[in-house]
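Note that the structure is a prediction, hence the values are computed from the model and not measured.
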Amino acid sequence: MDSQTLVIIAGAVAAGFVQGLSGFGFGLVAMSFWAWTIDPRLAAAMAVFGALTGQIIAAVTVRRGFDLKTLAPFVLGGLLGLPMGMWLLPQLDVQVFKAFLGALLAVWCPAMLFSAQLPRITRGGQIADAVIGAGGGVMGALGGFTGVLPTLWCTLRGMQKDSQRAIVQNFNLSMLLVTFGTYVATGVISSATLPFLAIVAPAMLIPSLLGARLYIGISEATFRKVVLSLLTCTGIALLVSSVPGLLRRLA
């Protein structure tokens, strides 16, 4: 077993467990492993596939229902954002992608850590929800990061855990289905990608089931603090590692 396969398996195992427990985060966790050595397009394909697989498992094992009126603005916005993300994906190279992901982790994860102390957002209504959904669509196309903005937004809205999970889980499932179909149609996922997807699926299956099983029994808040702290450090490391290459291009 070569080093690349080991990295893929490690990322899928960690990401599957985190997504099963929290309902989001597969792309972020997996990319914190994969972005170091794997081509961005391949990493994005694996992240979307793994996140979609995890959401299908969650839909069966952790059912939270949904309010269509509340969910619809997020989904409609997401459908508008996906094409922009698909346009951006081929433009990314390794160094830029690492810088983007590192900055995302370094900013978003601490924001989530301290979100309990942030003021609750009560304005904006469905228009604001649609804008957040559009951002989720763009980020979903770039690597399965659909849940990043909606999760932070729902937290800032002061939603209860189960209500938040219902929105994020169903939004993620909708966006990832469309993103995966678009990846197949545009050739991002091809016959050459299938062997890598065949590694991701079994690697993340059991961890995802374990995470979903532990969702009710373990304090999600405490666990999320640990995960977000680790991801913050990973984001800073990715960002720092991308700086020398970017500086050389400017020189």
*Shared hydrophobic cluster, F26 / Y183 (ILVMFWY, side-chain heavy atoms < 4.5 Å)*: yes
*Are L76 and V138 connected in a single hydrophobic cluster, I mean Ile/Leu/Val/Met/Phe/Trp/Tyr linked by side-chain heavy atoms less than 4.5 Å apart?*
no
*Would you indicate whether the side-chain heavy atoms of Q4 and F196 approach each other to under 4.5 Å?*
yes
*In chain order, what residues pass the side chain to side chain contact (heavy atoms under 4.5 Å, CB included) check against A14, with sequence neighbours excluded?*
V29, F33
*Hey, could you give me the CD1/CD1 distance between I38 and I8, rounded to the nearest 0.5 Å?*
4.0 Å
*Between T232 and L105, is any pair of side-chain heavy atoms under 4.5 Å apart?*
no
*Can you name the closest pair of heavy atoms from S190 and G187 and give their distance?*
CB-O, 4.1 Å
*Verify the cluster assignment for L71 and L80: are they in a single hydrophobic cluster under the rule of side-chain heavy atoms below 4.5 Å apart?*
no
_Residue pair A12 / A203: nearest heavy atoms and the distance that separates them_ = CB-CB, 3.8 Å
*L176 reachable from L88 in the ILVMFWY side-chain graph, under 4.5 Å edges*: yes
*Treat each ILVMFWY residue as a node, draw an edge where side-chain heavy atoms are under 4.5 Å apart, and state whether V168 and V131 are in one component.*
no
*Roughly how far, to the nearest 0.5 Å, is OG of S32 from CG of L104?*
11.5 Å
*Looking at residues at least two apart in the chain, or sitting in another chain, which of them share a side chain to side chain contact (heavy atoms under 4.5 Å, CB included) with L79?*
V75, L82, M175, V178
*Any salt bridge (Lys or Arg N to Asp or Glu O under 4.0 Å) involving residues 16-33? Give me the pairs, sequence neighbours left out, ordered by first then second residue.*
none
*Just grab all the salt bridge (Lys or Arg N to Asp or Glu O under 4.0 Å) pairs involving residues 199-212, residues at least two apart or on different chains.*
none
*Of all heavy-atom pairs between A166 and N170, which one has the smallest distance, and what is that distance?*
O-ND2, 2.6 Å
*Partners passing side chain to side chain contact (heavy atoms under 4.5 Å, CB included) against V184 (at least two apart in sequence or in another chain)*: F180, I189
*asked:* Donor-acceptor pair, distance only, cut-off 3.5 Å: does the side chain of S208 make one with the backbone of L205?
replied: no
*For W34 and V7, work out which heavy atoms get closest and say how close.*
NE1-O, 3.2 Å
*asked:* Under the rule for side chain to side chain contact (heavy atoms under 4.5 Å, CB included), what residues qualify as partners of Q126, not counting sequence neighbours?
replied: K69, P73
*Answer yes or no: does atom CG of L177 have more than 12 heavy-atom neighbours from other residues, nucleotides or ligands under 6.0 Å?*
yes
Give the table of side-chain donor-acceptor pairs shorter than 3.5 Å for residues 41-57, with sequence neighbours excluded, one pair per line with atom names and distance.
unit_1: T53; atom_1: OG1; unit_2: F49; atom_2: O; d: 2.8
unit_1: Q55; atom_1: NE2; unit_2: G23; atom_2: O; d: 3.1

*Tell me, please, which residues at least two apart from W153 pass side chain to side chain donor-acceptor pair (under 3.5 Å).*
D129
*Of all heavy-atom pairs between P150 and F171, which one has the smallest distance, and what is that distance?*
CG-CE2, 3.6 Å
*Kindly give the cluster partners of I236, where membership spreads through any ILVMFWY side chain lying under 4.5 Å from a current member.*
V240
*Pairing residues for T37 by the side chain to side chain donor-acceptor pair (under 3.5 Å) criterion, not counting sequence neighbours*: none
*Of all the heavy-atom pairs spanning R157 and R123, show the shortest one and how long it is.*
NH1-O, 3.0 Å
